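Each chain gets a letter, A, B and so on, in the order the sequences are listed, and its residues count up from 1. Since we're looking at a predicted model, the values are computed, not measured. When reading the values below, keep in mind they use all heavy atoms of this one structure, side chains included, and skip hydrogens, waters and symmetry mates.
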Amino acid sequence: MSADRPYFLTTPIYYVNDLPHLGHAYTTVACDVVARFMRLDGHRVKFLTGTDEHGQKVERSAQAAGLTPQQFTDRISGAFRDMTGLLNISHDDFIRTTEPRHVRGVQALWQELERRGEIYLGRFAGWYSVRDEAFYDESELVGGPTGAKIAPTGAEVEWLEEENYFFRLSAWQDRLLAFYEANPDAVAPRSRRNEVLSFVKGGLKDLSISRTSFSWGIPVPGNPRHVIYVWLDALANYITALGYPETDQEEFSTFWPASLHMVGKDILRFHTVYWHGFLMAAGIAPPKRVFAHGWWTVEGRKMSKSLGNFIPPHELVDKYGLDPVRYFMLRELPFGSDGDFSHRAVVGRLNGDLANDFGNLAQRVLAMINRNCAAAVPEPAPFTAADDRLLGDAGSLLDRVRPLIADQAFNVALETIWRVVAEANRYVDEQAPWALRRTDPARMGTVLYVLAEILRHLGIVTQPFVPAAAASLLDQLAVPPEARAFADLAARLPPRRPLPAPHGIFPRFVDTEAAD
RNA sequence: GGGCCCGUAGUUCAGCUGGUUAGAACCCGCCGCUCAUAACGGCGUUGUCGCAGGUUCGAGUCCUGCCGGGCCUACCA
């Protein structure tokens, strides 16, 4: 297994118009799990996140807050940076679209597209909504009470004519379809891939990629009256963070094309049609895979500004603890589907899967070792068939989980790991080491050794999902930090190594409020 | 309007290219154990597989229609 197989993955860069909420946390944690998994599996990982800071909406929000756009974006971007700390995110880089390295890269990309004849100056006229930053077709509009035209989103629109630069997206339709055809895993999950295919097959129009109606953006090279369309600006972060336009440098050639762009389902099209079009047109390979995940409802209700039920990530972490939240988000539903974030469901997972199944398994084993084996890894005698079976289950775990992570099937991966947890609990009952203590202490030692070994496997394999709890478990097994990679699974715990006093890794959640 | 997806035990869901008595988890009931975070283990109950037809020796699993729900349909994370 080569030690430097590159793996580049990204979250979307988050739009600084809103403070971070559950949805942002979800995408980011999912990426973090992949990043940690790949590192432990020996890949050379680059994990990128950041903030998207240009656009008319930001300009206006800043104004409303009495700040300059730069001050405003500094503040909100800071909140996203804080979120990465709060969620124990292991990103390698955090890019902001207001940074010079990005601005320079975007302008270079623009010039490259221009040089290749992919951009032309045209005129765009239509009904425009400032709030939505979008044009609408006449047929989509309805008349409002005052006679004003109203967009489907409820926003007022106005007739706008402006000179725009256009990208020749229409010319890329066939080549895009050929790419999806040749790369069936490039857009996932399957249902989303279908959507993209039908969208592209429906015909592509050229895309307006500059604006003159506001100035908070990256100036178009050679025509600073225009700023570059926010999506062209934003998407480019994935390559500007690798040093684009220096495509011959090590960073870029190592990590591009990206292994995985993780996105919410709402921005799938930008990441699979426009982005691929821009890249191909600039002579750059498209990313290997884009995965669109679903949305959370909260207690059965859609998250929305009007309902005011955006959950700030710190609220969840304060209430349930970080690792339980991370675990819940990835275990509760098939990645890609929508799901419901309910208190009842979180507590069910926390107390059931984490505290009762896994935490208690660790506790019962470690406590027995601590009390009956002089607080040291016991010395095993030859293994029985039952021992070998359980050790075999744990030993094959990584090979079963690896393809599931590559598929972003986090819930199945966790289910697979937890099957070993259940096997181990069953084994404890069957072997009854507390009885062996009197009848056959040597056998008791072997049973507890096997269990300690299982815990070591579980601790190592669960690190990407619940890093702090897994670290605590491995500490309690006296596994040194440098022996926690997946390659170390093949080793065995050295007998007689002293162990610290055990303590719980997943405390039960006790509901102090509602006593129902 | 066009396209895609879904509707399986009380709940959340698995069921790949059609094939013995339809599965898991949670919940619930009984039993066991007592090492452990009153945690763990065993056994068990529940299903017109949305509805109606069709293809087939045989259909949750394929086809048609209908009912119900969701998503996409161009520049909003």
Side-chain angles (χ1 to χ4, degrees), chain A residues 11-18 20-21 23-24 27 51-52 55-57 124 126 128-129 131-137 140 151 153 155 167 169 189-209 211 229-232 234 263-270 273-274 294-295 332-334 337-340 344-345 348-349 351-372 411-412 415 418-419 422 424-437 444 447-448 451 502-510:
Chain A
T11 73
I13 48 173
Y14 301 113
Y15 201 51
V16 295
N17 206 40
D18 295 311
H21 59 66
H24 301 108
T27 320
T51 44
D52 175 13
Q56 189 166 28
K57 249 200 292 203
F124 197 97
Y128 183 75
S129 156
R131 194 183 84 185
D132 299 340
E133 289 184 353
F135 281 96
Y136 291 98
D137 192 78
E140 298 178 89
T153 56
F167 169 65
L169 183 62
R190 179 55 59 92
S191 55
R192 298 293 164 196
R193 173 186 154 84
N194 291 344
E195 279 179 22
V196 170
L197 284 176
S198 74
F199 176 79
V200 176
K201 281 179 182 158
L204 296 175
K205 293 192 285 194
D206 288 349
L207 190 68
S208 145
I209 52 166
R211 297 285 185 274
Y229 172 49
V230 287
W231 272 107
L232 174 55
V263 300
K265 63 182 182 181
D266 56 315
I267 52 172
L268 177 66
R269 189 199 311 139
F270 303 99
V273 181
Y274 302 165
W295 283 146
E332 183 65 4
L333 51 95
S337 308
D338 290 346
D340 186 43
R344 183 193 170 83
R349 289 289 177 199
N351 287 347
D353 297 1
L354 296 180
N356 295 350
D357 292 346
F358 191 17
N360 183 56
L361 170 69
Q363 186 69 14
R364 65 200 300 211
V365 169
L366 292 168
M368 277 189 279
I369 291 175
N370 187 61
R371 191 170 313 138
N372 303 315
N411 67 320
V412 187
E415 214 178 310
W418 253 253
R419 249 184 251 133
N425 272 318
R426 199 167 299 126
Y427 173 89
V428 176
D429 274 40
E430 284 166 2
Q431 300 298 324
W434 53 87
L436 293 170
R437 188 164 62 94
M444 176 198 71
V447 166
L448 293 177
L451 285 164
H503 57 272
I505 53 173
F506 292 113
R508 285 180 67 80
F509 181 88
V510 182

Using the side-chain heavy atoms of [X], tell me which of these nucleotides is nearest: [options].
X: A:N360; options: B:C76, B:C35, B:A36; result: B:A36
X: A:R426; options: B:A39, B:G41, B:C35; result: B:G41
X: A:N356; options: B:A36, B:A39, B:C76; result: B:A39
X: A:I505; options: B:U37, B:G41, B:A77; result: B:U37
X: A:D266; options: B:A77, B:C40, B:U37; result: B:A77

Determine the Euclidean distance between corresponding [atom1] atoms of [M] and [N]; express it in Å to zero decimal places.
N: B:A14; M: B:A25; atom1: P; value: 16 Å
N: B:C27; M: B:G65; atom1: P; value: 43 Å
N: B:U61; M: B:U8; atom1: C1'; value: 12 Å
N: B:A77; M: B:A38; atom1: P; value: 48 Å
N: B:G44; M: B:A9; atom1: C1'; value: 14 Å
N: B:G41; M: B:C33; atom1: P; value: 16 Å

Extract the stems that RNA chain B is part of, considering only consecutive pairing runs of at least three Watson-Crick or G-U wobble pairs, both distances under 3.5 Å.
B:1-7 with B:67-73, B:10-13 with B:23-26, B:28-32 with B:40-44, B:50-54 with B:62-66
Under 3.5 Å: donor-acceptor pair, side chain of A:D52, backbone of A:Y14:
no
A:D338 side chain to A:W295 backbone, donor-acceptor under 3.5 Å:
yes
Contact class for [X] (heavy atom, under 4.0 Å): base, sugar-phosphate, or nothing?
X: A:R437; value: nothing
X: A:F270; value: sugar-phosphate
X: A:R371; value: sugar-phosphate

Considering only nitrogen or oxygen atoms on both sides, find all protein atoms under 3.5 Å from nucleotides 28-33 of chain B and state each distance.
from: B:G32; atom 1: N2; to: A:D429; atom 2: OD2; distance (Å): 3.2

Could I get a table of every N or O pair under 3.5 Å where one atom is in the protein and the other is in nucleotides 1-6 of chain B?
none

Select from A:M368 and A:R192 the residue whose nearest nucleotide in RNA chain B is closer to the 5' end of that strand.
A:M368
Position toward the 5' end of RNA chain B (nearest nucleotide), A:R364 or A:H24:
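Taking each residue's closest nucleotide, the earlier one in sequence belongs to A:R364.
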Taking only side-chain N and O atoms of A:W295, does any of them lie within less than 4.0 angstrom of OP1 or OP2 on B:A77?
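For B:A77, neither OP1 nor OP2 has a side-chain N or O of A:W295 closer than 4.0 Å.
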Minimum heavy-atom distance between A:I505 and A:G359, given as atom pair plus value
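Heavy atoms of A:I505 and A:G359 come nearest at CG1-CA, 3.9 Å.
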Apply side chain to side chain contact (heavy atoms under 4.5 Å, CB included) to residues A:V447 and A:Y427 and explain how you reach the verdict.
CA-CA 9 Å; A:V447 166; A:Y427 173 89; 3.7 Å; yes
